[in-house]
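In each ligand, atom 1 is the first atom listed, and ligand 1 is the first ligand listed.
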Amino acid sequence: MKNIKILAIETSCDETSVAVVENGKRVLSNIISSQIETHKKYGGVVPEIASRQHIEVILQIVDQSLETANVSLDDIDAICVTQGPGLVGSLLVGVNVAKTLSYTLDKPLIAAHHIAGHIYATDIESNINYPSLALVVSGGHTELVLIEDELKFKIIGNTLDDAVGEAYDKVARQLNLAYPGGPKIDKLAKLGQDSYNIPRAMIDSDDYNFSFSGMKSAVINIIHNSKQRGEEIINENLATSFQKAVVDILLTKTEKALVNFNINQLILAGGVAGNRELRERASALADKLNVELLIPSMEYCSDNAAMMGAVGYYYYKNKIFTDPLTLNAKSSLNLEKIKE
Ligand code: KG4
Ligand code: ZN
């Protein structure tokens, strides 16, 4: 097969990103325009504002991406876009740009799954060996995913309430840290001690599911109780205790899945994969179990279009295309039904 260049578009949440990726591996450009500054003052992503801002910048970002990659639209073999899951108003912006490009240029259109993108981000710098296991941890998702074969996913565990990044952001808000609070808690946690009692919800349950909303409530209770007693909260210690509990839960379930399914490769994916403690302790776990650990570079952990270009290549190889006239965004999309 000749070299395949994919123009990938990602607008599922608050990042407008466009990339050009060759053969799923060579990232020729990966332009990311973040809206964090805009949403910061509201303490979280405001969907209405997010979609409007995507509309304002997307065409510039497409141009910039092509320019940086030093290619023209004629050189592109396919257009790939995140179809879902995500905020529907945000997704629609990328989807409509991709449909228009595909139709007017007469190039194949790929409607890719955001989580598949997070997982295949790791395939840019390493190689996924099947079967593999991915711990997907982001602002919207906390999932343990078996990757049985190319684009064949099986979700074996899921959060029953909040996503782990969401819990981080909510706890950060309680500590008056600006959105997104995950990285700030991570930094604080380095400085403190594990002195507060945070419950490890569902850590001993027989399944691979997670629950984080109780931990968030535990933090809120600790803060309220301390206030009532006139005691000062030690933010660093609370961050350390919370983070330790979160990583304990994530890795206990991950270890169980690696052992029970006899898997030799672990992938950390999604924005929370940037977490220092999670990375360090996942590495120790991988050593203990003699499992290969793959973690994408920071640039490919949080939302970006290069990861969509990476997974898009496998859609292309498997000829999983979609009709530019009928494609629609889907706020929830089934990861297990990409390849029938
Ligand atoms: O994957 P991502 O960029 O966007 C979604 O698809 O959700 O993940 C963003 C989430 C936010 O909740 C952010 O607070 C969290 O990832 N996050 C972290 C860290 N870096 C980002 N959480 C904990 N520790 C970090 N170092
Ligand atoms: Zn994401």
Side-chain angles (χ1 to χ4, degrees), residues 8-17 19 30 32-36 39-40 43-45 47 50 81-88 90-91 94 112-122 134-143 145 159 162-175 177-191 212 215-216 219 238-240 242-251 267-282 295-308 310-311 331-333 335:
I9 301 174
E10 153 66 40
T11 62
S12 68
C13 190
D14 60 342
E15 261 96 29
T16 318
S17 182
N30 184 30
I32 305 168
S33 163
S34 169
Q35 305 178 358
I36 282 180
H39 298 290
K40 228 178 198 169
V45 177
V81 64
T82 306
Q83 184 189 10
L87 301 170
V88 77
S90 290
L91 289 164
H113 195 290
H114 183 73
I115 298 301
H118 271 304
I119 293 172
Y120 273 78
T122 205
L135 173 65
V136 182
V137 277
S138 74
H141 295 265
T142 310
E143 284 157 16
V145 182
T159 177
D162 290 353
V164 64
E166 191 182 352
Y168 260 99
D169 294 339
K170 285 177 177 169
V171 164
R173 237 175 131 163
Q174 294 298 322
L175 300 180
L177 301 170
Y179 173 84
K184 297 181 185 83
I185 299 238
D186 189 13
K187 257 194 199 149
L188 269 187
K190 211 171 159 183
L191 308 171
F212 292 105
M215 301 175 70
K216 174 197 68 195
V219 169
L238 195 49
T240 307
F242 172 74
Q243 176 146 302
K244 176 144 196 324
V246 167
V247 177
D248 278 354
I249 295 172
L250 289 174
L251 292 184
I267 295 169
L268 292 190
V272 186
N275 185 270
R276 177 190 51 82
E277 184 167 347
L278 180 60
R279 292 168 92 99
E280 282 170 16
R281 288 177 54 196
I295 312 177
S297 301
M298 289 294 193
E299 159 185 25
Y300 305 131
C301 276
S302 48
D303 288 349
N304 68 91
M307 69 185 196
M308 302 315 296
V311 75
S331 58
S332 57
L333 187 64
L335 183 65

Self-check item: Polar protein atoms (N, O or S) that approach the Zn ion (ligand 2) to under 2.8 Å
Solution: His114 NE2, His118 NE2, Asp303 OD1
Quiz prompt | Polar side-chain atom of Arg281 near backbone of Leu251 as donor-acceptor pair, under 3.5 Å | solution = no
Do [X] and [Y] come close enough that some side-chain heavy atom pair is under 4.5 Å?
X      : Y      : answer
Thr16  : Gln35  : yes
Pro180 : Ile36  : yes
Asn304 : Glu299 : no
Thr142 : Leu250 : yes
Phe242 : Leu175 : no

Quiz item: Taking atom types as modelled, is there a side-chain donor on Glu10 or Ser12 under 3.5 Å from an acceptor on the other?
Solution: yes
Quiz item: What distance separates Ile119 CD1 from Leu268 CG, expressed to the nearest 0.5 Å?
Solution: 11.5 Å
Quiz item: Just how far is it from atom CD of Glu166 to atom NE2 of His141, taken to the nearest 0.5 Å?
Solution: 10.5 Å
Quiz item: Considering only heavy atoms, which protein residues lie less than 4.0 Å from any atom of ligand 1?
Solution: His114, His118, Ser138, Gly139, Gly140, Gly165, Tyr168, Asp169, Pro180, Gly182, Pro183, Asp186, Gly270, Gly271, Val272, Gly274, Asn275, Ser302, Asp303
